[in-house]
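Just follow the structure's listing: the first ligand is 1, and inside any ligand the first atom is 1.
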Amino acid sequence: MTRLIFLGPPGAGKGTQAQILAEHLHIPHISTGDILRQAMKEQTPLGIKAQSYVDSGELVPDQLVQDLVEERLEQADAKSGWILDGFPRKVTQAAFLEELLQKTGQGGEKVVNLDAADDVVVARLLSRGRKDDTEEVIRRRLEIYRNDTAPLIDYYSDRQKLLTINGDQSQEEVTHELKETLG
Ligand code: AMP
């Protein structure tokens, strides 16, 4: 049973690597960013509420993402494991998740910290061309990462759940290291 959380700055390659590893392990890749973007495209109530936050690089309110994660982890395909990508993004969300997993008997999760240098992530994001990948929004997302998300490295390290992988390497090298460590 594999339950993994992918942590790392925007542009570290979390989405790509989480997708590859999830296929390799036959478990769902659950990206809160992907779920929010899909909801925005379909203009669902969730999408409408999330839009202005996502477009400006701010975090959407905890309650919105926590509800969507709780609902997603209840689905049948998540019973055999999962990879969470983009959640939790702050300590309050991590505390929520810890309680949720305890409540639903889904413990034993590990956290992959995909670390990468700022100049590497900015170059990658600028070449990706997503709507929230303008230079100004990228700068804001990195700032939020440093202030709100990076403290999760200590949070999970204290709980002996953290594995760190060097995300400055090529995509193939990172995939290889992940499969060696977790596959
Ligand atoms: P991502 O695809 O993970 O880069 O997420 C894109 C955007 O979705 C972020 O910049 C946030 O606006 C929003 N988002 C995704 N996950 C979360 C989360 N766990 N908490 C708050 N906002 C989130």
Could you tell me if R159 sits above the aromatic ring of Y155, with its cationic atom closer than 6.0 Å to the ring centre and no more than 45 degrees from the axis? yes

Donor-acceptor pair, R141 side chain versus P10 backbone, under 3.5 Å? no

Run the side chain to side chain contact (heavy atoms under 4.5 Å, CB included) test on L4 and W82 for me, step by step, so that the C-alpha distance in whole Å, both residues' side-chain angles and the decisive distance to 0.1 Å come before the verdict. CA-CA 6 Å; L4 288 176; W82 37 256; 5.8 Å; no

If you count every heavy atom of other residues, nucleotides or ligands that lies below 6.0 Å from K49 atom NZ, does the total exceed 12? no

How about CD on Q43, more than 12 heavy atoms from neighbouring residues, nucleotides or ligands closer than 6.0 Å, or not? yes

Count the heavy atoms of every other residue, nucleotide or ligand shown that sit under 6.0 Å from NE2 of H24, and state whether that count exceeds 12. yes

As a test of reading the model: which N/O atoms of the protein lie under 3.5 Å from N/O atoms of ligand 1, and at what distance?
residue  : atom   : partner : partner atom : Å
ligand 1 : 2 (O)  : R37     : NH1          : 2.9
ligand 1 : 2 (O)  : R37     : NH2          : 3.0
ligand 1 : 3 (O)  : R89     : NH1          : 3.1
ligand 1 : 3 (O)  : R89     : NH2          : 3.1
ligand 1 : 4 (O)  : R89     : NH2          : 3.3
ligand 1 : 4 (O)  : R130    : NH2          : 3.4
ligand 1 : 5 (O)  : R89     : NH2          : 3.4
ligand 1 : 12 (O) : E58     : O            : 2.6
ligand 1 : 16 (N) : T32     : OG1          : 2.8
ligand 1 : 16 (N) : G86     : O            : 3.3
ligand 1 : 16 (N) : R89     : NH1          : 3.0
ligand 1 : 19 (N) : G86     : O            : 2.9
ligand 1 : 19 (N) : Q93     : OE1          : 3.0
ligand 1 : 20 (N) : Q93     : NE2          : 3.0
ligand 1 : 22 (N) : V60     : N            : 3.1

